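Step one of this worksheet: look at the structure below.
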Amino acid sequence: MDGGGEEGKQQPHLVLAHKLFLLSHPDVDDLAKVGLRADVLAAVKSDDMAALYESLAADGVLEMDAALLAEMRARIEEEIRKLDEKIADAEENLGESEVREAHLAKSLYFIRVGEKEKALEQLKVTEGKTVAVGQKMDLVFYTLQIGFFYMDFDLISRSIDKAKNLFEEGGDWERKNRLKVYEGLYCMATRNFKKAASLFLDSISTFTTYELFPYDTFIFYTVLTSIISLDRVSLKQKVVDAPEILAVIGKVPHLSEFLNSLYNCQYKSFFIAFSGLTEQIKLDRYLQPHFRYYMREVRTVVYSQFLESYKSVTMEAMASAFGVTVDFIDQELSRFIAAGKLHCKIDKVAGVLETNRPDARNAFYQATIKQGDFLLNRIQKLSRVIDL
């Protein structure tokens with residue numbers, strides 16, 4: 001695995017992980033899966049990923065070829081023998097940096113052939129030979145890439161915490177900015193969209209994490225997470241008018257229409273763009289587990305934005321604005337109102353929606369009074385104790 005990744009070049013194992021995800025996806029047609037299966041087999045053979053090949057063959061994804069498996073294992077054993085010889089030679093005849101490089105080469109080889117546990121163990125050994133904070137950080141990035149390949153969120157979480165502790169000892173800004181993208185991806189994959197949006201937005205102008213995904217995909221994730229996390233003012237400043245986003249957003253189908261139609265209150269266009277994006281969300285290995293949740297959250301944002309302009313509005317007017325039927329709006333809003341997501345009520349007889357948004361200022365006043373009463377009671381009790 002590449003620690004840095006050239007510009008525009010995604011880490012090959014993460015490309016493979018996405019293809020494996022698509023192979024198991026019910027919405028991908030059989031013809032596409034034939035091509036994906038060929039790509040997966042080629043990648044497995046290219047990197048001698050014997051353990052993964054065996055696992056995929058057991059699951060029926062690939063056909064088992066005992067001769068191929070034996071060949072891969074023989075090559076792995078031979079390469080490990082050579083790497084161990086280099087480590088022994090470096091320990092006997094060379095300096096500490098050469099010893100570290102020899103151990104790192106063995107770590108990277110285990111990562112390449114897909115031996116997760118051996119790779120993690122060897123990375124720990126390499127870390128023990130490493131002094132510089134920057135080099136230790138690079139080892140954490142390798143660990144994070146392993147975590148994202150296997151979607152091991154426990155490993156990712158521990159590695160992010162470890163990286164943050166390392167930064168307290170020092171570390172350069174380039175690696176700190178890269179870590180923000182890794183953490184943002186972790187937050188998005190674990191449904192913490194608000195924090196993911198914040199981290200992604202912080203990294204827009206300094207993005208160098210091409211090993212995880214291309215810049216287009218990064219902008220796709222940034223826009224999606226920002227829409228359900230930011231208020232209108234922040235969305236305008238940080239996303240709609242951001243030059244970095246404007247330069248790329250047109251390359252992602254439907255994304256520009258999705259963002260701008262929401263901000264410009266063109267709800268009919270928004271729903272058309274949103275339906276175009278759903279396929280991309282469904283076929284993304286990090287977003288797919290949260291597909292239904294994300295769909296609900298986006299609809300909550302757009303319905304809330306529409307209703308904010310009215311004290312009351314007819315169901316027919318709202319249905320017309322969204323380009324849907326009155327029955328559809330009735331069913332949609334009923335669910336969201338029952339779940340406490342929308343502050344309004346439906347007058348079915350009159351066919352009218354009446355908003356009953358909580359007054360933020362009044363709620364703050366009531367909370368202040370309540371806290372004040374609580375504080376006065378505490379002071380009175382304390383004064384009695386002091387008097388005694």
Side-chain angles (χ1 to χ4, degrees), residues 191-194 196-197 222-241 249 253-282 287 290-371:
R191 204 179 282 185
N192 187 350
F193 290 118
K194 189 164 189 173
T222 304
V223 171
L224 289 190
T225 53
S226 297
I227 274 180
I228 62 169
S229 307
L230 302 180
D231 56 55
R232 269 181 68 80
V233 176
S234 300
L235 191 69
K236 174 74 169 166
Q237 290 173 344
K238 297 179 179 179
V239 183
V240 176
D241 291 341
I249 196 168
H254 309 292
L255 192 61
S256 179
E257 297 89 338
F258 179 64
L259 174 64
N260 292 308
S261 57
L262 172 67
Y263 185 76
N264 296 324
C265 306
Q266 297 163 342
Y267 300 113
K268 206 177 285 188
S269 304
F270 174 81
F271 261 34
I272 293 167
F274 188 33
S275 63
L277 273 179
T278 52
E279 194 68 14
Q280 287 170 260
I281 297 169
K282 251 195 249 184
L287 288 170
H290 316 295
F291 175 70
R292 290 171 67 84
Y293 172 84
Y294 187 80
M295 294 280 285
R296 282 196 306 272
E297 288 300 302
V298 168
R299 277 145 55 211
T300 302
V301 168
V302 75
Y303 293 148
S304 298
Q305 180 175 292
F306 177 85
L307 292 168
E308 208 166 304
S309 308
Y310 301 95
K311 190 161 180 65
S312 66
V313 62
T314 64
M315 300 275 280
E316 196 174 333
M318 187 169 180
S320 174
F322 283 91
V324 294
T325 63
V326 172
D327 286 343
F328 176 81
I329 282 290
D330 184 23
Q331 289 175 2
E332 278 276 274
L333 297 186
S334 298
R335 285 201 296 269
F336 286 113
I337 292 166
K341 294 277 189 182
L342 293 176
H343 301 289
C344 62
K345 58 184 179 181
I346 300 173
D347 183 341
K348 186 78 172 172
V349 177
V352 170
L353 279 164
E354 293 179 11
T355 58
N356 54 357
R357 289 187 300 278
D359 185 345
R361 184 176 294 182
N362 192 40
F364 181 65
Y365 173 73
Q366 294 296 339
T368 306
I369 295 293
K370 194 173 181 181
Q371 288 169 353

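Only heavy atoms go into these numbers, but all of them, side chains included; no hydrogens, no water, no symmetry mates. Keep in mind the model is a prediction, meaning the values are calculated, not measured.
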Main-chain N/O of [Y] paired with [X] side-chain donor or acceptor, under 3.5 Å:
X	Y	value
S320	E316	no
R232	Y263	yes
S304	T300	yes
D330	V326	no
S234	D231	no
T355	Y310	yes

Verify side chain to side chain contact (heavy atoms under 4.5 Å, CB included) between F274 and H254, making sure each step is shown before the conclusion. CA-CA 7 Å; F274 188 33; H254 309 292; over 6 Å; no
Lys/Arg cation over aromatic F336: R299, 6.0 Å, 45° cone: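 The answer is no, since R299 fails at least one limit relative to F336.
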Identify, with sequence neighbours excluded, every residue that meets side-chain contact (heavy atoms from CB on, under 4.5 Å) alongside D327.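 Per chain and number, D327 pairs via side-chain contact (heavy atoms from CB on, under 4.5 Å) with T325.
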Please find out if less than 6.0 Å separates the ring center of F328 from that of F322. no
Measure the spacing between CG of L333 and CG of L307 and express it to the nearest 0.5 Å.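 Interatomic distance, L333 CG to L307 CG, rounded to 0.5 Å: 6.5 Å.
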Kindly state each residue pair satisfying side-chain hydrogen bond (donor to acceptor under 3.5 Å, both in side chains) with at least one member in residues 264-280, sequence neighbours excluded. Y267-Q305
